[in-house]
Amino acid sequence: MDVTPILGSLNDAQREAVTAPPVPLLVLAGAGSGKTRVLTHRIAWLVGVEGVAHHSVLAVTFTNKAAAEMRGRIETLLDNPAAGMWVGTFHGLAHRLLRRHWKEARLPQSFQILDSDDQLRVIKRLIRDLDLDDSRWVPKDVRGFINRNKDEGRRPADLDADDDPTQRQLAHLYDVYQRRCDEAGLVDFAELLLRAYELWRDNEDLLTHYRQRFRNVLVDEFQDTNVIQYQWLRLLAGPTGVPFVVGDDDQSIYGWRGAKIEHLHRFQKDFPDTKLVRLEQNYRSTGTILGAANALIANNTSRLGKNLWTEDDEGEPIRIYSGFNERDEAQFVVGKIKDWSEQGGARQEMAVLYRSNAQSRVFEEALINAAIPYRVYGGLRFFERAEIKDALAYLRLMVNRDDDNSFERIVNRPTRGIGARTLEVLRAYSQANATSLWKSAGAQIEGEVRGRASKCLFEFMRLIEELDQQTRDLELHERVDIVVNRSGLIGHYGKEPGEKGQARVENLEELVSAATGFMPDEQLEMAPLDAFLAHATLESGVDQGNPWDDCVQLMTLHSAKGLEFPVVFLSGMEDGLFPHRLSVGDSKALEEERRLCYVGLTRAMKQLYLTYAEQRRLHGMDTYGMPSRFISELPQELVEEVRPRVQVSRPVYRPKHGLAQPEAPAGMRLGQRVRHGKFGDGVVLNCEGDGAHARLQVNFEMAGTKWLVMAYANLEVL
DNA sequence: TACTATTTAATTTTT
DNA sequence: TTAAATAGTA
């Protein structure tokens, strides 16, 4: 076989990884070093040269997008379809396992998947039913508790609450929550993983079978694995497995979501003969950008260590711009965007990155003003829209009458005269008799529920029954079409005034076409409707928008991971914003912020701008920040201040009339930079009183925030 | 039951 | 500021 297509385009390190003998392999792949390429070429090598069977390959990633890309690339390389391979996300593969072995996993055959929104609803309901105060037991916190424990493989029985009443109560909530889900046939995201793990752990025959089958396990973005994912992999690999994992400890930015960077270190211990390959040649950025990124990340401790280099030129210096407020900052960025366009560059080659979503707004306004097309990433995805979830709830109830969550969602949507009172009766009955709301409704019609309510409830039940019975033999899209119409959802949302209602109706119609084009994964052997519902939850929809439009890209630093752009603007580079104020003060969190910054820097291919604002409106209040500490961690010789700090065009501080604002003492104003003999440099945040006895609140770079009396502080105005 | 007023809180996000 | 969630009113 000619191995040129597989190896020809690879450098030495990449080739070493791709052609490695069957030992556990850890590829430390820096940003832009061809990580996914190594992974896909490895698969091509295994199949094409080593001659391993397709169906012995399991390749796993985190996002559907990455999985789709991987599958596509494998298919190109192998020029015969990747059929028989398992390529997917952790959740997708776990789901496939559970569908196949639902009996062994002790699940109903048509179990439904809860997304985090659904999960929260279940928890809210639960807290209410248990008569707990939801300000003491905050639903989101309870959800966090449950998911954290599931992510780390713990069941309620594994929790030793000792005599801490809070922990005991939380454990109890977890326990009751889980029982409810089990009764209703509902599986949340974390449960998919945990169940799949337990399935193998508790069924030796199954485990043996899959161990023998999947001799070739490959993992992308390994630094993002959480505890249960890692345990699942270890279980699959067993004592003799040789997993091939690719990751970058410097790009681990999901620690807050349970990802354990330590798994990269642990891997070498758990798999003693691990071969380590470093990919350090970068094919993306200029020498300057890499130099800056390397210098920044060197401030982190406990790294596996890696130094990116490139054959590319040094390129242009990194530009730093200090705006006097966030609008000035945005204006600067827009100016540079125009420059790039005028020089013939495409708009989609530029990305504005920020730490938090709220920051997109001011850029959007500036771009609208300048009539520059843009696209914001993130936000509500298709299957997460309320009207879509309503329609899905109808479909789910048709599949599984005991799905209380869906029942509650749609029993009165559109309104059909089943109010809170009726529902209370049903809930009480369902609690007392440990049965579902649907069955309670059946039992209580002309029982405790009487008159009009009873009739309405009966009508609702008949609607669901009919939708199920009468559409059973139809094509999936016809079923969805009928449900969307006969449920009354179209009519209901059509009545909503304005464009909003119109948009919702269009979305519902879009759902029908999504069903038309839906191709179920034939490996799952599921009924089309079941498969469609699982798909809707597991792949909540690629963000729409017209990718062929030439738009400036706006996104958070997190969503930029894995992407690259010729021109990158890192905006909001202020301490407190980035690094986020909730992360400073905790060295682990701060290091993750630094990695996030590293990810941001390494997105840039040619030009990189870091911008910040001296004054920023946050939550309706003017705040004064200091340049991000990350800026000062970059080597001086690689950066260049775009505009020296002349203060010509600064706005004058104007007190709001009517409010007795303290008169700032001579030479001082809020946001003024000052120097103190002991504390160093800082920014004036606040002021009390006036004259020599005025007290100033100053945020010092080194010493933190202090209140100082003007007369004694001896502050030097900078 | 739907609309309006008030309160509250405010990273990052995939599955 | 603003968006969302809740409480109160027609």
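Naming: A, B, ... by sequence-line order, numbering from 1 per chain.
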Among the candidates [options], find the nucleotide nearest to the side-chain atoms of [X].
| X | options | result |
| --- | --- | --- |
| A:T89 | B:dT15, B:dT12, B:dT1 | B:dT15 |
| A:L582 | B:dT11, B:dT13, B:dT1 | B:dT11 |
| A:H619 | C:dA3, C:dT1, B:dT15 | C:dT1 |
| A:R361 | B:dT15, B:dT13, C:dA3 | C:dA3 |
| A:H580 | B:dT15, B:dT12, B:dT11 | B:dT11 |

Charged N-O contact under 4.0 Å between A:E198 and A:R154: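 Here A:E198 does not pair with A:R154 in a salt bridge, since their nearest N and O are not under 4.0 Å apart.
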
Note: A:D188-A:R143 ion pair, threshold 4.0 Å (strictly below):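 So A:D188 does not pair with A:R143 through a salt bridge.
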
Under 6.0 Å between the ring centres of A:F460 and A:F407? yes

Pick the closest DNA chain B nucleotide for A:H91 and for A:S356 by heavy atoms, then say which residue is nearer the 5' end. A:S356

Geometric cation-pi criterion A:R125 and A:Y177, 6.0 Å radius, 45° cone: no

Just need the stems in DNA chain B: three or more back-to-back Watson-Crick or G-U pairs, each with both distances under 3.5 angstrom, sorted by first number.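 Runs of three or more consecutive pairs: B:1-10 with C:1-10.
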
Mind checking if [X] touches a base, just sugar-phosphate, or nothing, with heavy atoms under 4.0 Å?
| X | answer |
| --- | --- |
| A:N226 | nothing |
| A:N64 | sugar-phosphate |
| A:G255 | nothing |

Span that lies between the P atom of C:dA5 and that of B:dT12, in whole angstrom: 15 Å

Side chain to side chain donor-acceptor pair (under 3.5 Å) between A:Q178 and A:D182, worked out: CA-CA 6 Å; A:Q178 194 52 49; A:D182 290 347; 3.1 Å; yes

Quick one: is [X] getting a side-chain N or O under 4.0 Å of the [N] phosphate, OP1 or OP2?
| X | N | answer |
| --- | --- | --- |
| A:N357 | B:dT11 | no |
| A:T556 | B:dT13 | yes |
| A:T415 | B:dA2 | yes |
| A:R617 | C:dT2 | no |

With the criterion set at under 5.5 Å between ring centres and under 30 degrees between planes, would B:dT12 be stacked on A:W256? yes

Taking donor-acceptor contacts at under 3.5 Å, does the side chain of A:S116 reach the base of B:dT15?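 Pair found.
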
Distance in Å, A:T89 OG1 paired with A:M70 CE, rounded so as to fall on 0.5 Å steps: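 If we round to the nearest 0.5 Å, A:T89:OG1 and A:M70:CE are 10.5 Å apart.
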
Please identify which of these residues, A:E384, A:H91, A:Q112, A:R396, meets the side-chain hydrogen bond (donor to acceptor under 3.5 Å, both in side chains) condition with A:T537.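 So the option named by the test is A:R396.
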
